[in-house]
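Beneath this line is the structure, given in structure tokens, with notes to follow.
All values below come from the heavy atoms of this structure, side chains included, with hydrogens, waters and symmetry mates left out. Starting from 1, each residue takes its place in the sequence as its number.
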Amino acid sequence: MVTPVMPRAETRHLLHFLLGDTAGRRTLGRIDEKVDKLPGLAGLHMLRRAATAYGIA
């Protein structure tokens with residue numbers, strides 16, 4: 001079982017604060033593009049999926 005480091009509400013608030021605006025969503029895309037270039041991680045879209053799970057993207 002995974003125990004989160006921060007409560008879900010705090011994580012959502014942090015993500016919204018850092019990445020919740022238009023510039024933040026562009027940043028998410030740029031980070032995901034860089035991660036996609038790493039071996040074996042193409043198409044992972046890790047940050048976009050996390051932001052969507054927390055209702056940010």
> Between CE of Met46 and CD1 of Ile31, what distance do you get to the nearest 0.5 Å?
Replying inline: 9.0 Å
> Tell me, do Tyr54 and His16 make a side-chain contact under 4.5 Å, heavy atoms counted?
Replying inline: no
> Between atom CG of Leu15 and atom CD of Glu10, what is the distance when rounded to the nearest 0.5 Å?
Replying inline: 12.0 Å
>> On a heavy-atom basis, which atom in Leu28 and which in Ala51 lie closest, and how many Å separate them?
In response: CD1-CB, 3.7 Å
> Roughly how far, to the nearest 0.5 Å, is the CG atom of Leu18 from the CD1 atom of Ile56?
Replying inline: 9.5 Å
>> Please list all pairs meeting side chain to side chain donor-acceptor pair (under 3.5 Å) that have one or both residues in residues 18-44, counting only residues at least two apart or in different chains.
In response: Thr27-Arg30
